Structure formats: structure tokens, C-alpha cells
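Everything numeric here is computed off the predicted structure, so don't read it as measured data.
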Amino acid sequence: MIEIIAISGSLRAASTNSALVAALAANAPANCRVEVYDGLGRLPIFNPDDEGERTPPEAARLIEMVTQADGVVVSCPEYAHGVPGGMKNALDWLVSRDAAVGKPAMLVHASPRSLYARAALAEIMRTMSFAMYEEGTLEIALLGKKPAEMEAILSEDANRRAIREAVRGFAGFIRGQT
């Protein structure tokens, strides 16, 4: 079984990115388990003085989840042409650890407009030594949709197939990295 952690870079209750990672979990192929990380808003602001034995519990949970996962999927909005602070903060908690080194990672997108954040996030994650899966792209346009509309779009057969194929491709990439 391939274990994948999915992280939404949004804290909004009706987040399109959170809906997309939830759909990944619900539609993963049989040989994959996608677990959604739900603690982004509970992470304290990264402070190098709070590492080691002083690592806060939520940061320790994130680090452990990433360490134990076979791969990481991130769906992130764009704020002011950049990566939202909460997502960057989560990555900062991983910087001085081995959790990210060589860890397969894939970006998925709930908006066709997040081009600056996509590039910035990919650069940050490459710099952290994540092994970025860039062959397959999953983009399902959910921008501006209400929860019921998101659910309907993500339930369409074509989108469910696209999600399964994206996760299947990522799982193949993971197997090739290990």
C-alpha cells in the first residue's frame, strides 16, 4: 500500500483546494491511501529556537506524517502572487529535517490562475529536496464554486477518473524513487 499525505494550503472552510485533496482521498486507486493533513491552521509560526525537544506537538505531527508517508501531494491557492503564509510555515517546519529529502511530491491545482504560486511552491519544494513529480498535472477548475458545485464537479466521472489517474501516475513515480 502506498501511503500519501495530502495538504491543502488553504484555511478557508469552503476551500476549493481542500475539496480537491478530499476528492483525492476519496478517489485514490486501491493500492494507495491518501490521508489529508488537517492541522495547517494549528501550526505555530516557525521558530528555529523551537526545534528539537521543543518542537510543538502539531509541528511534530506534521513532520512525522511527512516522514512516514511515501509521498506528499499539495494543493495550494495563490495570495498576492505568492504561496499563502500557512503553507510556507508548514514547509518551514520541515526545512531542517530529513522528512522532505528525496520525498516524492506532486502539486495539484483547483484553479487555472495560480501560476505564480505554482512556480514559487515548486521552487521552494525543490530547494527543500523534495523529488517533484512533474510529468502529470491534475487541474480541476473549482475557482469561485460553492461547496455543492464543487462536490458536483468532483463527482463527475471524467474528474474522478482524472484524479485516479493522477494518483496512479504519482504512485508509479513513488515506486520508481524507492
Side-chain angles (χ1 to χ4, degrees), residues 1-12 14-43 58-77 83 86-87 90-91 93-94 97-112 114 117-118 121-122 124-126 128-143 145 147 150-178:
M1 180 69 68
I2 293 177
E3 301 285 339
I4 298 169
I5 178 176
I7 303 171
S8 168
S10 176
L11 297 176
R12 290 184 58 224
S15 164
T16 58
N17 294 282
S18 296
L20 183 54
V21 297
L24 287 173
N27 293 286
N31 67 332
C32 297
R33 186 170 83 92
V34 177
E35 181 177 359
V36 177
Y37 173 69
D38 64 355
L40 196 70
R42 292 187 302 274
L43 282 170
E58 189 59 42
R61 184 170 85 91
L62 171 65
I63 293 161
E64 181 64 17
M65 287 178 76
V66 171
T67 299
Q68 295 302 315
D70 296 310
V72 177
V73 175
V74 175
S75 183
C76 190
V83 177
M87 185 69 231
L91 293 171
W93 278 108
L94 300 170
R97 315 296 168 106
D98 290 336
V101 177
K103 182 72 62 177
M106 175 175 75
L107 303 180
V108 297
H109 313 288
S111 170
S114 61
R118 288 182 197 194
L121 186 56
I124 292 164
M125 292 178 75
R126 278 192 297 273
M128 293 175 64
S129 299
F130 277 97
M132 299 303 294
Y133 173 62
E134 301 183 55
E135 290 78 32
T137 299
L138 177 64
E139 179 182 295
I140 298 178
L142 300 172
L143 182 67
K145 305 296 184 208
M150 287 187 276
E151 186 178 328
I153 291 167
L154 291 167
S155 296
E156 292 173 7
D157 286 341
N159 288 331
R160 291 169 52 123
R161 277 194 304 277
I163 290 168
R164 272 193 302 279
E165 287 306 311
V167 176
R168 190 172 288 121
F170 184 48
F173 177 75
I174 291 169
R175 281 192 294 277
Q177 296 291 304
T178 55

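Legend: salt bridge (charged side-chain N to carboxylate O under 4.0 Å, His left out) pairs involving residues 20-33, not counting sequence neighbours, sorted by first then second residue: E3-R33, R33-E35. Applying the side chain to side chain donor-acceptor pair (under 3.5 Å) test to every pair with at least one member in residues 99-112, sequence neighbours left out, gives these pairs: H109-R118. Legend: salt bridge (charged side-chain N to carboxylate O under 4.0 Å, His left out) pairs involving residues 150-159, not counting sequence neighbours: none detected.
Of all the heavy atoms in A23 and I163, the pair that sits closest is CB-CD1, 3.8 Å. Across every non-hydrogen atom of P104 and I174, the tightest pair is CB-CG1, 3.6 Å.
Between V73 and L138 there is no side-chain heavy-atom pair separated by less than 4.5 Å. A 4.5 Å side-chain heavy-atom check between R97 and T67 finds every atom pair outside the cut-off. I7 has its side chain within reach of L62: a pair of non-hydrogen atoms, C-beta onward, lies under 4.5 Å apart. The side-chain heavy atoms of L24 and F170, taken from C-beta on, include no pair separated by under 4.5 Å.
In this structure, L142 CG and M150 CE are separated by 7.0 Å, a value rounded to the nearest 0.5 Å.
In this view, D98 satisfies the salt bridge (charged side-chain N to carboxylate O under 4.0 Å, His left out) rule with no residue, not counting sequence neighbours. By the side chain to side chain donor-acceptor pair (under 3.5 Å) test, T16 pairs with no residue at all, sequence neighbours left out. The salt bridge (charged side-chain N to carboxylate O under 4.0 Å, His left out) check on E165 picks up R168, with sequence neighbours excluded.
Looking only at distances, a side-chain donor or acceptor of N159 sits under 3.5 Å from a matching main-chain atom of I153.
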Check: Hey, mind stepping through S8 and N17 against side-chain hydrogen bond (donor to acceptor under 3.5 Å, both in side chains) and telling me if it holds?
Finding: CA-CA 6 Å; S8 168; N17 294 282; 5.3 Å; no
